[in-house]
There are 2 protein chains.
Amino acid sequence: MTTKGTAERIIEAALQLISEKGYTAATTKTIAELAGVNEVTLFRHFGNKRGLLKAIVEQFSYYPVLQQEINQNVTWDLEKDLYNFSLKHFEFLMSIKDLVMIGFKESIQFPEISEEIANIPLLIKKELCQYFQEMQHRGKIREVNVEATALSLIALNFGHFMSRARLGTMVSDIPTEELLQTSVAIFSRGLVS
Amino acid sequence: MTTKGTAERIIEAALQLISEKGYTAATTKTIAELAGVNEVTLFRHFGNKRGLLKAIVEQFSYYPVLQQEINQNVTWDLEKDLYNFSLKHFEFLMSIKDLVMIGFKESIQFPEISEEIANIPLLIKKELCQYFQEMQHRGKIREVNVEATALSLIALNFGHFMSRARLGTMVSDIPTEELLQTSVAIFSRGLVS
DNA sequence: CTAGCATGTAAGTAATTACTTGCATGAAAG
DNA sequence: CTTTCATGCAAGTAATTACTTACATGCTAG
């Protein structure tokens with residue numbers, strides 16, 4: 001089907017441009033140009049500009065979260081697990097970087113988006129809480145507020161992601177893996193009893 | 001002088017609207033309305049719309065960074081110092097929330113802004129590196145990559161800030177102080193030798 | 001009192017924007 | 001071969017946008 005191909009190309013172009021310039025500044029004309037499609041084709045597919053954004057958000061909500069991948073590779077070795085998770089978390093965020101940026105840029109104008117992107121940390125928090133609770137039962141980490149702990153690790157990874165995604169190497173040129181390794185090393189040492 | 005008053009009101013209105021809707025979607029008309037000023041007054045003060053943004057960024061760069069405040073209250077008690085810093089860091093980011101948001105929203109369209117906002121973490125990193133180095137000399141923390149450590153703490157606080165600033169209590173309703181306290185407790189425990 | 005200066009008001013302009021309509025084309029499917 | 005369907009192309013529209021010009025008003029300093 002060539003139909004699906006063009007629609008996808010339009011969505012990709014819109015994703016890129018809206019994440020770069022914002023919803024209003026990304027005009028339907030430039031989106032169509034980038035997609036290599038006539039502007040009318042865009043309206044025939046999505047009705048209007050908001051329909052395009054809606055399509056993006058829908059694609060967003062169907063995006064597989066890294067839940068399974070986290071649970072599968074658990075070794076119950078704290079530092080190893082947290083490093084593996086943080087790396088996966090970081091790479092996941094990078095892979096949906098454009099979507100995350102749109103979410104943060106247009107969250108006030110389009111509240112639906114805020115709800116969608118808030119789902120990601122919520123799901124991850126849930127998984128992490130279960131993991132930390134089990135680690136507490138096993139006596140491998142000390143008594144802490146598991147929710148606050150989970151949120152802290154998420155914030156840590158998200159902070160690294162935002163720094164790299166928007167500022168690149170302007171703040172530091174330490175390789176991402178090394179950065180994550182150091183932060184996870186500190187974090188896991190701070191959790192062991 | 002009423003002049004200064006109006007210019008400031010226009011900047012404030014622009015700050016709010018551009019941070020909410022983005023540069024393009026925040027029209028000069030709505031900015032003038034929010035400032036309670038005629039639209040032409042805006043152009044008489046700043047020439048054109050970009051001049052307004054420039055004025056915002058300039059105000060931004062003259063903003064006092066929390067450097068002194070960090071150095072003044074140092075007790076060389078790791079957890080106490082880091083909590084104090086994290087709270088100040090968080091409150092500082094919240095106080096310039098609109099500016100930070102503009103920085104992240106328009107960093108691609110207006111690269112000058114990126115450079116300005118990248119300065120904040122850079123300055124803070126420098127201060128933190130000095131602190132951690134001194135703490136290492138005093139034998140209070142173990143041998144770690146101080147730069148990566150500083151960046152991690154900054155990322156941690158920034159992550160908390162972004163979560164609260166954009167998602168509010170959607171992700172969690174734990175009070176900010178409690179969150180910061182937990183994350184700093186883990187972080188500082190992970191640093192002690 | 002008056003001269004200057006910041007602001008308001010009214011009106012307009014050229015460009016851009018989202019979106020529409022009508023028609024041509026070409027490829028695939030029956 | 002013909003019908004259907006996705007797309008391209010040309011042209012246009014109403015609304016909005018950044019920005020300008022000309023003139024009126026009111027406050028303040030000398």
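Here is how names work: the chains are called A, B, and so on, in the same order as the sequence lines, proteins then strands, and each is numbered from 1.
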>> How would you summarise protein contacts on nucleotides 17-23 of chain C per nucleotide, using B for base, S for sugar-phosphate only and - for none, with heavy-atom distances below 4.0 Å?
In response: SSBBB--

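The shortest distance between the side-chain N/O atoms of Thr41(A) and the OP1/OP2 oxygens of dG8(D) is below 4.0 Å. For dA6(C), the OP1/OP2 oxygens have no side-chain nitrogen or oxygen of His45(B) closer than 4.0 Å.
Not less than 6.0 angstrom separates the ring centroid of Phe85(A) from the ring centroid of Tyr131(A).
Going from atom CG of Asn38(B) over to atom C1' of dC23(D) covers 13 Å, rounded to whole Å. Between the CD atom of Glu33(B) and the C1' atom of dG8(C) there is a distance of 15 Å, given to the nearest Å. Protein atom CZ of Arg9(B) is 12 Å distant from nucleotide atom C1' of dA6(C), rounded to whole Å. Look at CD on Glu8(B): it is 16 Å from P on dA6(C), rounded to the nearest Å. In this structure, Phe46(A) atom CZ and dT7(D) atom C1' are separated by 14 Å, rounded to whole Å.
For Thr41(B), there are no side-chain hydrogen bond (donor to acceptor under 3.5 Å, both in side chains) partners two or more places apart in sequence or in a different chain. Partners of Lys54(B) under the side chain to side chain contact (heavy atoms under 4.5 Å, CB included) rule, at least two apart in sequence or in another chain, are Glu58(B). For Ser114(B), the side-chain hydrogen bond (donor to acceptor under 3.5 Å, both in side chains) test picks out no residue, with sequence neighbours left out. Residues meeting the side chain to side chain contact (heavy atoms under 4.5 Å, CB included) test with Ala55(A), sequence neighbours left out: Ile11(A), Phe46(A).
Listed by first then second residue, pairs satisfying side-chain hydrogen bond (donor to acceptor under 3.5 Å, both in side chains) with a partner in residues 24-36 of chain A read Thr27(A)-Thr30(A), Thr28(A)-Glu39(A), not counting sequence neighbours.
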